[in-house]
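Read through the structure below, which is laid out as structure tokens, and then see the notes.
By convention in this document, chain letters (A, B, ...) are assigned in the order of the sequence lines, proteins followed by strands, and residues within each chain are numbered from 1. Source: prediction; values computed, not measured.
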Amino acid sequence: MIREQLAAAVRQALVDEGVPDVEVHLERPARLEHGDWSTNVALASAKRAGRNPRELAAAIVARLESAGVPHLREVEIAGPGFINFRLAPSWLHEVLTDVVERGTEAFGASEPGSGHHICVEMISANPTGPLHAGHARGACYADALANILTRTGNRVQREYYINDRGTQLDVFARSLAAVRAGEPIPEDGYGGEYILEWGAEMPPGADPLEWGYQRALAEIRGGLERLGIHMDHWFSERSMAETGAIEQTLADLRERGVVYDAEGAVWLRSTDFGDDKDRVLVKSDGEYTYILPDIAYHRDKFGRGFDLLIDVFGADHHGYVTRLKAGVAALGHDPDELEVRITQIVRLEREGEEVKLSKRTGELIELTAMIDEVGADATRFTYLLQSIDSQQTVDLAVIAANTMDNPVFYVQMAHARACSIQRKAASEGIATRPLGEVDLSVLTGERELAVLRSLSEFDEVIAMAARERAPHKVTTWVRELAAAFHGFFHDRYVVGEGIPPEVTQARLWLVEAARVGLAVGLGVLGVGAPEKL
RNA sequence: GCCCCCGUAGCUCAGCUGGACAGAGCAACGGACUUCUAAUCCGCAGGUCGCAGGUUCGAAUCCUGCCGGGGGCGCCA
């Protein structure tokens, strides 16, 4: 709010200076001594105004000083022509009130339904084995992204696409059947130890494909359950074969003239849509390739009314993006309605030693094993520490530890401490007076203001996290908030001897605001906010 | 050969649509506990932002090339 008020005042000042229609950006200076807010408009519009930046800035400042902007204490010109605003602490007291009034439900939230209707597809690993730690990165990312998009006003559905037919599943079934029959696993089969376990587990007479795929799916669901990730929809590829959706999609593509027959196969003219070669939709043996059902699936999603599809894939599927987008475009959709986010690979270590591929699966360590070792909260928080664009190295020993170098612990600790203060106040019989009756102006210490300043950033942070599909920005923020709160906790007692009652009251509300911020930050990331540790 | 991601402090990483002397955590060193969780806090130290050009009043940020690391280029998924 203060941001808009300042921007409006600057805009008006520019108009009065005869420089209309300028976009005014207000930024938070990197350094506190540059003020609470700053703008570079004078630099940015100097050329257009035909004036020198500092001179233009001076003119703006002169007008602002008489404009009566709330909370504004001082305006200065700095460097080549930045305008810096210094505000009275009262602007942060207003932030406190705002945070408390919005509470955990609404803090950082935009108007519900103001955005898109989005389908976030995540993981979609073949039901041929357990999820591993790499899948988990994508799952944690996608789930947090879905939370962020929901909070910023979108309607979001989480979906898992199950490849419950096709070559991979056949191979899987043959591997299970071989184990059951006491025969060696086929050359091209699945070789992990879980195949031996599952093969032995399979009841006699069971259809290895049906049984195996249900077994794998149960494993996958169980893993996600433990991470606290819930799908709104498990979409079965097979269901499309049953409803004829795949045939319809092919017919649709034929009608659009983007399909041709050659060499006994049916091809999609994907080169018309940016692909580097055309792709086979139906093989010469009459079977579909994976891409046709995938196009049909995306067609189905559009048919269900989503106006934006976000697919989260692992790095090993990046080569697939162009042809999938081509498929969507071939259906007549704007390719921008399908957005694919790629998560880069994860490398696991234990005390600096690389964790070798799991014997059980022949791939990365399993998700459930990781949760057993470090817990669900640490798994989720760790995966959300950094951008998905870069490879990640995770040391399991570090994130399993309840120590300072474990960031999830640090943030949860801040939340637990906030709760502990509230418990303390309650046990001392201190009644919290209504916020409106409490004098917040006693909150002037830098420790207190730092917490509020951090809280004041959240609306921008979550908006940017949503826009850039970057949940890690929320992680960075909540770590900073936690740091500010630990500092406050250490230096400013809320309850105790020698603390005036009015200060206790104001600080109790500060604690509540911080608690809301920490709970919302952690909640959006899918990480628990415990009241005690 | 072509495509994608990355290359910032000893280590792991932030750095917003380009902006003011490049930030955090860990590790190292030095401090701080009679009161709400010291599982914390404070201080000090540490960087040619891979390299070379370009655009700009201004580049870690945008563009080009090169070097290095990772991933991908099937009538597999």
Side-chain angles (χ1 to χ4, degrees), chain A residues 25 27-31 33-34 38 40 43-44 46-47 53 78-82 84 124-126 128 163 166-169 171 188 263-267 276-277 279-285 287-291 293-294 314-322 342-345 347 352 385-395 398 401-407 409-410 412-414 416-425 427-428 447 460-461 463-465 467-468 470 472-473 475-477 479-480 483 486-499 504 507 511 532-533:
Chain A
H25 292 287
E27 300 173 354
R28 293 169 187 273
R31 295 164 175 277
E33 62 256 38
H34 291 143
S38 78
N40 65 353
L43 286 163
K47 199 174 267 181
F82 292 102
N84 296 338
S124 298
N126 286 330
T128 56
N163 293 105
T167 314
Q168 294 302 318
L169 205 59
V171 171
D188 59 345
E263 302 163 47
V266 182
W267 297 72
D276 56 354
K277 58 168 100 162
R279 303 291 168 177
V280 173
L281 296 175
V282 185
K283 296 188 264 183
S284 46
D285 65 3
E287 279 289 317
Y288 308 134
T289 62
Y290 60 91
I291 194 166
D294 279 3
D316 53 343
H317 282 66
H318 121 264
Y320 181 46
V321 175
T322 311
I342 300 293
T343 61
Q344 295 298 318
I345 62 167
R347 204 179 99 98
L385 279 172
Q386 66 186 69
S387 160
I388 55 161
D389 289 338
S390 56
Q391 291 176 22
Q392 184 172 27
T393 305
V394 174
D395 194 315
V398 169
N402 291 349
T403 59
M404 299 184 275
D405 43 353
N406 185 357
F409 209 79
Y410 183 86
Q412 289 185 320
M413 188 63 191
R417 281 180 149 181
C419 294
S420 139
I421 292 172
Q422 294 176 331
R423 277 195 302 273
K424 171 78 174 175
S427 76
E428 299 275 313
R447 290 300 205 181
E460 297 151 52
V461 167
M464 188 171 296
R467 193 174 344 113
E468 297 182 7
H472 76 275
K473 287 180 189 292
T475 316
T476 301
W477 173 81
R479 293 174 75 183
E480 287 166 1
H486 281 305
F488 163 78
F489 181 92
H490 191 267
D491 284 6
R492 304 279 160 159
Y493 278 82
V494 176
V495 179
E497 275 178 49
I499 298 157
T504 293
R507 286 184 184 163
V511 168
K532 275 186 190 174
L533 280 175

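- The nearest whole Å value for the distance from the CH2 atom in A:W477 to the P atom in B:G15 is 16 Å.
- What separates CG of A:N163 from C1' of B:C76 is a distance of 11 Å, to the nearest Å.
- Shown here for A:R423 and A:A416, the closest heavy-atom pair between the two residues is NH2-O, 4.3 Å.
- Between the OH atom of A:Y320 and the P atom of B:C75 there is a distance of 13 Å, given to the nearest Å.
- Toward the 5' end of RNA chain B, the nearer of the two residues A:H318 and A:W267, judged by each one's closest nucleotide, is A:H318.
- In this structure, A:Q392 contributes its side chain and A:S387 its backbone to no donor-acceptor pair below 3.5 Å.
- Backbone-only contact: A:I345 has heavy atoms under 4.0 Å from sugar-phosphate atoms and none from a base.
- Aromatic stacking is marked for A:F409 over B:A39, as both cut-offs hold: 5.5 Å for the centres and 30° for the planes.
- In this structure, A:P53 reaches neither bases nor backbone, as no heavy-atom distance under 4.0 Å exists between it and the strands shown.
- The distance from atom CZ of A:R479 to atom P of B:U12 is 15 Å, rounded to the nearest whole Å.
- Regarding contacts with the backbone of B:C13, a side-chain N or O of A:Q386 is found under 4.0 angstrom from either OP1 or OP2.
- In this model, no side-chain donor or acceptor of A:Q344 finds a partner on the base of B:C6 within 3.5 Å.
- A 3.5 Å limit on both hydrogen-bonding distances identifies B:G31 as the Watson-Crick or G-U partner of B:C41.
- One finds no side-chain N or O of A:R507 lying less than 4.0 angstrom from the OP1 or OP2 phosphate oxygen of B:C36.
- Between A:K473 and A:L43, the residue anchored nearer the 5' end of RNA chain B, judged by the nucleotide with its closest heavy atom, is A:K473.
- Counting only distance, with no hydrogens or angles, the side chain of A:T289 and the backbone of A:V282 share no donor-acceptor pair below 3.5 Å.
- The distance from the CZ atom of A:R507 to the CZ atom of A:R492 is 5.5 Å, given to the nearest 0.5 Å.
- At a threshold of 4.0 angstrom between heavy atoms, the contacts of A:G496 include nucleobase atoms, whether or not backbone atoms are also involved.
- Residue A:I388 is classed as having no contact, given no heavy-atom separation below 4.0 Å to the nucleic acid.
- Using a 4.0 Å heavy-atom cutoff across all strands shown, A:A78 reaches at least one base atom of the nucleic acid.
- One can place CG of A:D491 at 14 Å from C1' of B:G31, the figure rounded to the nearest angstrom.
- A donor-acceptor pair is defined here as one N or O able to donate and one able to accept, closer than 3.5 Å; no such pair exists between the side chain of A:H486 and the backbone of A:M413.
- By the criterion of a centre-to-centre distance under 5.5 Å and near-parallel planes under 30°, the ring of A:Y493 forms a stack with the base of B:C36.
- Residue A:K283 is in base contact, counting any heavy-atom pair closer than 4.0 Å across all strands shown.
- A:D294 places its CG atom 15 Å from the C1' atom of B:C75, with the value rounded to the nearest Å.
- Of the candidates B:A20, B:C36, B:A38, B:C36 carries the atom nearest the A:V495 side chain, counting heavy atoms from C-beta on.
- Nucleotide B:C36 forms a pair with no other nucleotide shown, judged by Watson-Crick or G-U wobble geometry with both contacts under 3.5 Å.
- Counting any heavy atom pair closer than 4.0 Å across all strands shown, A:R347 reaches no nucleic acid atom.
- The partner of B:C66 is B:G50, by the rule that a Watson-Crick or G-U pair needs both atom distances under 3.5 Å.
- Regarding contacts with the backbone of B:C76, every side-chain N or O of A:Y288 stays at 4.0 angstrom or more from both OP1 and OP2.
- Within 4.0 Å (heavy atoms only), A:Q412 reaches no atom of the nucleic acid at all.
- Of all heavy-atom pairs between A:A418 and A:V511, the closest is O-CG1, 3.5 Å.
- The side chain of A:S390 contributes an N or O atom lying less than 4.0 Å from OP1 or OP2 of B:A14.
- The distance from atom CZ of A:R28 to atom C1' of B:U17 is 16 Å, rounded to the nearest whole Å.
- Looking at heavy-atom distances under 4.0 Å, A:H472 makes contact with sugar-phosphate atoms alone, never a base.
- You'll find a donor-acceptor pair under 3.5 Å spanning the side chain of A:S284 and the base of B:C75, going by distance alone.
- Among residues two or more places apart in sequence or in another chain, the side chain to side chain contact (heavy atoms under 4.5 Å, CB included) test is passed with A:F409 by A:N402, A:N406, A:L533.
- At the heavy-atom level, A:R447 lies under 4.0 Å from the strands shown only through sugar-phosphate atoms.
- Put simply, the side chain of A:D316 and the base of B:A77 share no donor and acceptor less than 3.5 Å apart.
- Within 4.0 Å of A:S38, counting heavy atoms only, lies at least one base atom of the nucleic acid.
- A:F82 does not qualify as a stacking partner of the B:G19 base, lacking a centre-to-centre distance under 5.5 Å together with planes within 30°.
- In this structure, the CD atom of A:E468 is 16 Å from the P atom of B:U61, given to the nearest Å.
- In this structure, A:H34 counts as stacked on the base of B:A20 under the 5.5 Å centre distance and 30° plane angle limits.
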* Full working for side chain to side chain contact (heavy atoms under 4.5 Å, CB included) between A:V494 and A:F488 -> CA-CA 10 Å; A:V494 176; A:F488 163 78; 3.8 Å; yes
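- Backbone-only engagement by A:Q392 is indicated by non-hydrogen atom pairs under 4.0 Å involving sugar-phosphate atoms exclusively.
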